[in-house]
Amino acid sequence: EVQLVESGGGLVQAGGSLRLSCAASGFTFGNYAIGWFRQAPGKEREGVACISNNDGETFYANSVKGRFTITTDVAKNTVYLQMNSLKPEDTAVYYCARRNLPLLGIILHQKDYYDWGQGTQVTVSS
């Protein structure tokens, strides 16, 4: 059974940091990419970052470039999202999901992702 489980969310003040984890099981981790998405109340889900577990290639949404870093630990089948300089507008439920390789076209288009996790809440207070 394929599973993606997010963890690491919480409440943090603006300017603070959090590290999210996405633990994967049930598939050959290195053959896929993992993406992070987020959904704020009343808004559509948007792509945040993606990483290829094959070659480590990364992609970021413009809104998080320079503040967020996505990494992968193939030995642990886990992808991390390090979030620094957090802003209140980063408040959302964060989800991870997998997509097929190679990474072509619009990388953070959610229609290309599947096996979504249950999400983890990130709240940034001002």
Side-chain angles (χ1 to χ4, degrees):
E1 179 189 5
V2 173
Q3 275 195 317
L4 293 171
V5 180
E6 304 94 337
S7 62
L11 173 64
V12 64
Q13 288 188 330
S17 299
L18 281 175
R19 189 178 80 157
L20 305 183
S21 299
C22 173
S25 60
F27 61 95
T28 304
F29 190 70
N31 289 352
Y32 295 88
I34 299 293
W36 282 98
F37 290 74
R38 65 187 182 185
Q39 187 166 21
K43 295 188 176 181
E44 292 187 356
R45 188 155 52 186
E46 63 172 352
V48 174
C50 175
I51 188 165
S52 165
N53 292 323
N54 181 36
D55 60 11
E57 188 177 21
T58 58
F59 299 86
Y60 296 93
N62 288 334
S63 58
V64 305
K65 277 181 183 176
R67 299 189 299 123
F68 291 11
T69 303
I70 188 170
T71 58
T72 187
D73 186 334
V74 178
K76 294 183 178 180
N77 281 10
T78 300
V79 168
Y80 303 97
L81 185 68
Q82 178 67 43
M83 306 186 297
N84 298 329
S85 302
L86 282 162
K87 306 174 181 180
E89 51 264 44
D90 294 316
T91 295
V93 178
Y94 284 70
Y95 301 89
C96 63
R98 63 169 172 156
R99 67 165 280 172
N100 295 340
L101 294 173
L103 294 174
L104 301 173
I106 301 174
I107 305 303
L108 293 173
H109 201 314
Q110 64 173 318
K111 71 174 180 61
D112 294 322
Y113 290 80
Y114 52 98
D115 293 328
W116 295 82
Q118 82 290 346
T120 186
Q121 175 71 48
V122 171
T123 303
V124 184
S125 62
S126 57

Do the side chain of Q39 and the main chain of A92 share a donor and acceptor less than 3.5 angstrom apart? no

Check whether T120 reaches the backbone of Y94 with its side chain - one donor and one acceptor, N or O, closer than 3.5 Å. no

Please check if the side chain of N77 supplies one atom and the backbone of S25 the other of a donor-acceptor pair under 3.5 Å. no

What pairs of residues pass the salt bridge (Lys or Arg N to Asp or Glu O under 4.0 Å) test when at least one of them lies in residues 25-43, not counting sequence neighbours? R38-E46, R38-D90

Do Y80 and F29 share a hydrophobic cluster (ILVMFWY, side-chain heavy atoms under 4.5 Å, transitive)? no

Flag yes if I106 and I51 sit in one hydrophobic cluster, no otherwise; membership is Ile, Leu, Val, Met, Phe, Trp, Tyr, and two members link when side-chain heavy atoms are under 4.5 Å apart. no

Check whether any side-chain N or O of Y60 sits under 3.5 Å from a backbone N or O of I70 as a donor-acceptor pair, and report yes or no. yes

Taking all non-hydrogen atoms of both residues into account, name the closest pair between Q3 and F27 and its distance. O-CE2, 4.5 Å

Quick check for you: to the nearest 0.5 Å, what is the distance between R99 atom CZ and Q110 atom CD? 12.5 Å

Would you kindly confirm whether Y114 and I34 end up in one hydrophobic cluster when ILVMFWY residues are joined by side chain heavy atoms under 4.5 Å apart? yes

Worked verdict on Q121 versus T91 for side chain to side chain contact (heavy atoms under 4.5 Å, CB included): CA-CA 8 Å; Q121 175 71 48; T91 295; 4.0 Å; yes

Please say yes or no: joined through hydrophobic side-chain contacts below 4.5 Å, possibly via intermediate residues, are L4 and V74 part of one cluster? yes

Check which hydrophobic residues are tied to V5 through side-chain heavy-atom contacts below 4.5 Å, counting indirect links as well, and list them. none

Are the side chain of R67 and the backbone N or O of S85 linked by a donor-acceptor pair below 3.5 Å? yes

Point-to-point distance, once rounded to the nearest 0.5 Å, from CD of E1 to CG of D115: 9.5 Å

Checking E6 side chain against G119 main chain: does a donor-acceptor pair fall under 3.5 Å? yes

Could you state the interatomic distance from OG (S126) to NZ (K87), rounded to the nearest 0.5 Å? 14.0 Å

For a 4.5 angstrom cut-off between non-hydrogen side-chain atoms, does N84 reach F68? no

Check R98 against V2 and note the closest heavy-atom contact, atom names and distance. NH2-CG2, 3.5 Å

Smallest separation among heavy atoms of A49 and L81, with atom names: CB-CD1, 4.2 Å

Would you say M83 and L20 make side-chain contact, with heavy atoms under 4.5 Å? yes

Apart from V93 itself, members of its ILVMFWY cluster (side-chain separation under 4.5 Å) are F37, F59, Y95, L101, L103, I107, L108, Y113, W116

